[in-house]
Amino acid sequence: MGLALVLLVLFLAVICSLCILIFVGVVYFELSNSQIPPGVACPGKLCVIHSVMIGIAILGKIFQNLGLCNPVSFTRYVREQLMIRKLGDDPKLFINDQQFENVSVRVYQPRSPSAGGRKGVMFFHGGGWMFGSIDTYDSLCRYISKEAEAVVVSVGYRLVPEHRYPAGFEDCLNATIHFLKTAQEYGVNPSSVIISGDSAGGNLTAAVCQSLVNKTDLPKPLAQVLIYPAVQMIDFDLPSYQQNRAVPVLYRERAVFYMLNYISDDLSSLEEILDGDHIPVETKMKYRKWLSPENIPDEFKVRGFKPRVMSSQAEEVIEQVKSALETTCSPLLAEDSVIRLQPKAYILTCEFDVLRDDGLLYKKRLEDNGVPVTWYHVKDGFHGIVSFFDSGNLSFPSGKLAVESIASYIKNA
């Protein structure tokens with residue numbers, strides 16, 4: 001009996017060792033396929049963050065194969081445990097969770113008295129429409145509320161894959177309309193509401209601002225804050241997509257996966273979309289005036305760019321992802337008559353981000369239509385750097401400067 005137990009223990013130890021070796025090997029393989037470019041902020045920290053994210057994804061797959069849990073749920077849980085800081089009550093803020101039109105929101109109100117109506121900020125979090133939450137962005141929203149002396153409403157919109165487009169967009173729009181109608185109840189001047197968001201939340205911000213154009217019974221937003229936004233689902237061969245295709249934390253392929261997963265439950269067409277075959281050729285030509293790399297300043301092509309002519313199409317994929325052409329998915333495609341009525345904008349871009357050129361193209365469209373734009377470019381930034389503005393040893397100085405810039409813009413808008 002004793003020998004059998006020893007052999008069992010040895011067997012389990014060997015199995016565990018093999019699992020650990022396989023896990024480490026897969027993480028190493030994934031890291032070897034990534035690119036940490038010269039000039040990016042704190043490359044060591046970025047490697048650590050990327051390694052952790054890879055590890056979480058791999059464990060999620062392992063647990064799925066063992067029938068233990070859903071990988072999306074696992075990733076959400078672990079990310080929240082790592083990113084959420086238990087901040088508790090804040091002596092400078094009233095913080096409470098509410099429902100706006102059946103949409104979960106968290107409202108941050110400065111405790112200090114205000115002579116007149118404050119500014120209000122709607123905030124839509126990032127996370128590829130799949131991850132992120134009110135809790136993971138709690139620290140950022142507290143900071144903005146205190147530094148900008150504004151009432152911030154963080155929106156917990158529905159996520160994919162449980163709720164695909166247009167669910168998340170509709171939640172953000174309905175919550176915004178509710179706040180515009182009730183702003184005075186929160187001490188906010190209804191004409192001083194700013195719509196904001198990062199990444200997927202930047203996409204939702206642009207879409208909501210455009211959708212408010214025809215709602216003449218509502219106060220107009222004062223401004224929009226777009227933090228490395230995704231504003232088009234058409235061309236994934238722009239210079240930034242080519243240059244930063246394997247730069248953490250958002251690979252080119254992963255960005256396209258998030259966009260496809262947002263609008264469709266069939267993920268089999270990822271390669272066709274990467275090749276641009278999801279858009280009819282004539283449509284590509286129609287929107288070239290707004291999507292052409294020629295609209296991107298030459299300084300953003302020096303790290304390499306090979307123009308690509310998208311001359312093919314796949315009919316079955318076109319039908320599957322036709323929502324990509326809707327302006328609520330691709331705000332960059334809105335007509336000039338809508339763009340020129342947009343509120344003034346603050347756009348933040350990062351040099352080492354596949355979505356950099358989305359921000360640059362939207363900046364140009366707004367400016368070409370007479371909309372004032374304040375542009376903040378993080379020269380050593382990567383996608384998601386704002387989320388690490390206050391993360392202890394994994395904080396990035398340029399991320400903190402970016403958040404200070406955002407808060408300053410909101411305060412002085």
Side-chain angles (χ1 to χ4, degrees), residues 93-125 133-134 137-138 140-142 144-146 148-159 163 165-198 200-226 229 326-328 331 334 337-346 371 406 409-413:
L93 296 174
F94 294 109
I95 302 173
N96 61 89
D97 293 339
Q98 301 182 28
Q99 294 280 315
F100 284 4
E101 306 299 327
N102 296 317
V103 179
S104 296
V105 301
R106 180 169 295 167
V107 182
Y108 303 81
Q109 293 177 268
R111 293 178 184 264
S112 59
S114 176
R118 296 185 185 276
K119 288 190 175 71
V121 179
M122 297 296 300
F123 185 83
F124 310 141
H125 67 76
S133 68
I134 288 174
Y137 280 76
D138 184 59
L140 177 61
C141 289
R142 289 179 186 231
I144 291 174
S145 181
K146 287 185 285 190
E149 301 175 3
V151 175
V152 175
V153 178
S154 182
V155 180
Y157 58 88
R158 287 172 290 174
L159 302 174
H163 306 281
Y165 170 82
F169 161 72
E170 289 175 344
D171 286 352
C172 292
L173 178 61
N174 291 335
T176 300
I177 290 173
H178 178 92
F179 188 59
L180 287 170
K181 289 179 177 179
T182 62
Q184 289 180 318
E185 297 177 17
Y186 299 90
V188 171
N189 182 340
S191 62
S192 296
V193 174
I194 296 170
I195 320 294
S196 66
D198 71 311
N203 169 278
L204 295 166
T205 295
V208 166
C209 285
Q210 291 184 8
S211 298
L212 291 173
V213 165
N214 294 323
K215 299 193 179 298
T216 55
D217 58 324
L218 295 172
K220 299 300 180 186
L222 173 64
Q224 56 185 318
V225 173
L226 307 168
E326 296 178 13
T327 55
T328 42
S337 58
V338 173
I339 294 292
R340 69 172 60 103
L341 295 177
Q342 291 306 287
K344 61 184 179 180
Y346 173 103
V371 178
I406 293 166
Y409 177 84
I410 291 171
K411 183 175 183 178
N412 298 304

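Fair warning: this is a prediction, and the values are worked out from it, not measured in the lab. Sequential numbering from 1 along the given sequence is applied to the chain's residues.
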What closest approach, in Å, do [X] and [Y] show between heavy atoms, and which atom pair accounts for it?
{"X": "Arg340", "Y": "Ser337", "value": "NH1-CA, 3.4 Å"}
{"X": "Val188", "Y": "Gly120", "value": "CG1-N, 3.6 Å"}
{"X": "Leu173", "Y": "Ser211", "value": "CD1-CB, 4.1 Å"}
{"X": "Leu226", "Y": "Ala206", "value": "CD2-N, 3.9 Å"}
{"X": "Ile339", "Y": "Ala334", "value": "CG1-O, 3.8 Å"}
{"X": "Thr205", "Y": "Gly197", "value": "OG1-N, 3.1 Å"}

Mind checking whether [X] and [Y] have side chains closer than 4.5 Å, heavy atoms only?
{"X": "Gln184", "Y": "Pro190", "result": "yes"}
{"X": "Thr176", "Y": "Phe124", "result": "yes"}
{"X": "Val103", "Y": "Arg158", "result": "no"}
{"X": "Gln109", "Y": "Arg118", "result": "no"}
{"X": "Val213", "Y": "Gln342", "result": "yes"}
{"X": "Asp171", "Y": "Glu101", "result": "no"}
{"X": "Pro110", "Y": "Val151", "result": "yes"}
{"X": "Asp198", "Y": "Phe123", "result": "yes"}

Working to the nearest 0.5 angstrom, can you tell me the gap between [X] [atom1] and [Y] [atom2]?
{"X": "Ile195", "Y": "Leu204", "atom1": "CD1", "atom2": "CG", "answer": "11.5 Å"}
{"X": "Ile194", "Y": "Lys119", "atom1": "CD1", "atom2": "NZ", "answer": "6.0 Å"}
{"X": "Met122", "Y": "Gln224", "atom1": "CE", "atom2": "CD", "answer": "14.0 Å"}
{"X": "Lys220", "Y": "Leu218", "atom1": "NZ", "atom2": "CG", "answer": "7.5 Å"}
{"X": "Ile410", "Y": "Ser196", "atom1": "CD1", "atom2": "OG", "answer": "5.5 Å"}
{"X": "Arg106", "Y": "Ser133", "atom1": "CZ", "atom2": "OG", "answer": "8.0 Å"}

Quiz item: Yes or no on side-chain contact (heavy atoms from CB on, under 4.5 Å) for Val153 and Gln98, after CA distance, side-chain angles and deciding distance?
Solution: CA-CA 10 Å; Val153 178; Gln98 301 182 28; over 6 Å; no
Quiz item: Just wondering, more than 12 heavy atoms not from Asp217 lying within 6.0 Å of its CG?
Solution: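 For Asp217, atom CG is crowded (more than 12 foreign heavy atoms under 6.0 Å).
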Exercise. Could you walk me through whether Asn174 and Phe100 pass the side-chain contact (heavy atoms from CB on, under 4.5 Å) test, one step at a time?
Key: CA-CA 8 Å; Asn174 291 335; Phe100 284 4; over 6 Å; no
Exercise. Over 60° means perpendicular and under 30° means parallel, so classify the ring planes of His125 and Tyr157, tilted if in between.
Key: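 Aromatic pair Tyr157/His125 classed parallel.
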Exercise. Assess whether side-chain contact (heavy atoms from CB on, under 4.5 Å) is satisfied between Val338 and Thr327, documenting all intermediate values.
Key: CA-CA 10 Å; Val338 173; Thr327 55; over 6 Å; no
Practice problem: Could you tell me whether Glu149 and Lys411 have a side-chain N and a carboxylate O separated by less than 4.0 Å? | Solution: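 Judged by the 4.0 Å cut-off on N to carboxylate O distance, Glu149 and Lys411 do form a salt bridge.
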Quiz item: Between Gln210 and Pro331, is there a donor-acceptor pair closer than 3.5 Å when you use the side chain of the first and the backbone of the second?
Solution: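 Yes; judged by distance alone, with no hydrogens or angles, the pair exists.
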Exercise. Could you verify whether a donor N or O on one side chain and an acceptor N or O on the other, from Thr328 and Tyr165, lie under 3.5 Å apart?
Key: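 There is such a pair (donor and acceptor under 3.5 Å, judged by atom type) between the side chains of Thr328 and Tyr165.
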Exercise. Could you verify whether a donor N or O on one side chain and an acceptor N or O on the other, from Gln99 and Ser104, lie under 3.5 Å apart?
Key: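 Yes, side-chain donor-acceptor contact under 3.5 Å.
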Exercise. Evaluate the criterion side-chain contact (heavy atoms from CB on, under 4.5 Å) for residue pair Lys344 and Leu222; output intermediate values, then yes/no.
Key: CA-CA 7 Å; Lys344 61 184 179 180; Leu222 173 64; 4.3 Å; yes
